[in-house]
Amino acid sequence: MAAAVSADPLRVATWHGDFSRKGPGLLLRELVGEKPVPGITSIAEARPDVLLLTNFDYDAGHVALGALQSRLRDQSWPMPHLFALRPNTGLPTGVDVDGDGKLGGPRDAQGFGYFSGQGGQAILSRYPVRLVADHSQQLWADAPGSLIAKDDPVGAAQRLSSSAHWAVEVEVDGAKVTLLTLAATPPVFDGPEDRNGRRNRDEVLHWSHVLQDKAAFADAPVVVLGNFNLDPDRGQGLREAAAQVLAHDRLQDPLPKLPTVKWERAGEMRISYILPDQSLKVGKAEVMPPEPEAGPHRLVWMDLLLD
């Protein structure tokens, strides 16, 4: 890490908030309208320095993300830097993945989506953000220990990331931190073949595999964060994958066991995570209460001491 010291902690946050709609431009229309948009209050109250949203509709000009910036500025919390790349959500495969006899449905995409970019990832920051690596085009079959089936409907063209895997660097007064993001597919909504469960497992393990190389991202401490869609102790999915990431020797878990979502039927689970480098000191941390009308997920934030 750079020698310069940041006097104040860096507050890192992630949230699978409800910032996705079923058509392109619908989220933007709400954000530039006059009515309140659920979720803005939670972000302003959390006062993050860096925020990863794992359910935000992408557009090439970052217009919707810019509109969210304006909303937060109106709430006296300016976040002037933004980052987003086109995710795999809604990206056509040209294959009838779900076997319904039709092409172009939301389940026929590289990642579930009614349109290209629906429910992707987005970053807002008070500090400059720089892309270090984009692993979103890695093929599922190339993942270490991949559980892709030999007869997978997309086969060799299937990407691992249902949304994206980004490594981005945030610099604060000369001190740098590398954020390793993900938003894995839910390990449900399929049949006995468990395609989603197997893919979720491999998505969750991606950064863990990368970090086995001790030289990976050695120039700055790392933080793995985002939506695993997987609880290590309960619910569906290959839960040992989450447990394996939590036990990684380069990472620490300052908020163990705290649920980040409450499903109507399945109850409370922990699926959103912030896992800092062991070398980082952690100050305050919180899983916020859910905001009414902003979905069942809870915003998670953590203060990292860079000195």
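What's counted below: heavy atoms across the whole structure, side chains too, no hydrogens, waters or symmetry copies.
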Identify the residue among Leu179, Leu251, Val210, Val204 that makes a side-chain contact (heavy atoms from CB on, under 4.5 Å) with Val224. Leu251
salt_bridge(Arg270, Asp253) N-O dist < 4.0 Å: yes
Carboxylate-amine/guanidinium contact Asp249 Lys214, below 4.0 Å: yes
Please confirm whether the backbone N or O of His297 pairs with a side-chain atom of Trp15, one donor and one acceptor, at under 3.5 Å? yes
Applying side-chain hydrogen bond (donor to acceptor under 3.5 Å, both in side chains) between Gln121 and each of Thr181, Thr54, Thr89, report the one that passes. Thr181
Do Leu91 and Ile148 sit in one hydrophobic cluster, given that two such residues count as connected whenever their side-chain heavy atoms are within less than 4.5 Å of each other, even indirectly? no
Any side-chain donor-acceptor pair under 3.5 Å between His165 and Glu203? no
Any ion pair linking Asp303 and Lys284 (charged N to carboxylate O, less than 4.0 Å)? no
Determine, using the 4.5 Å side-chain heavy-atom cutoff (strictly less than), whether Val287 and Val12 are members of one ILVMFWY cluster. yes
Does the pair Glu268/Arg298 count as a salt bridge with the N-to-O cut at 4.0 Å? yes
Scan Asp98, Asp152, Asp190 and name whichever one has a salt bridge (Lys or Arg N to Asp or Glu O under 4.0 Å) with Arg195. Asp152
Between Arg250 and Asp277 (salt bridge meaning N to carboxylate O under 4.0 Å), is one present in this structure? yes
Without hydrogens or angle criteria, can the side chains of Thr93 and Asp108 be said to hold a donor-acceptor pair below 3.5 Å? no
Between Asp57 and Arg21 (salt bridge meaning N to carboxylate O under 4.0 Å), is one present in this structure? no
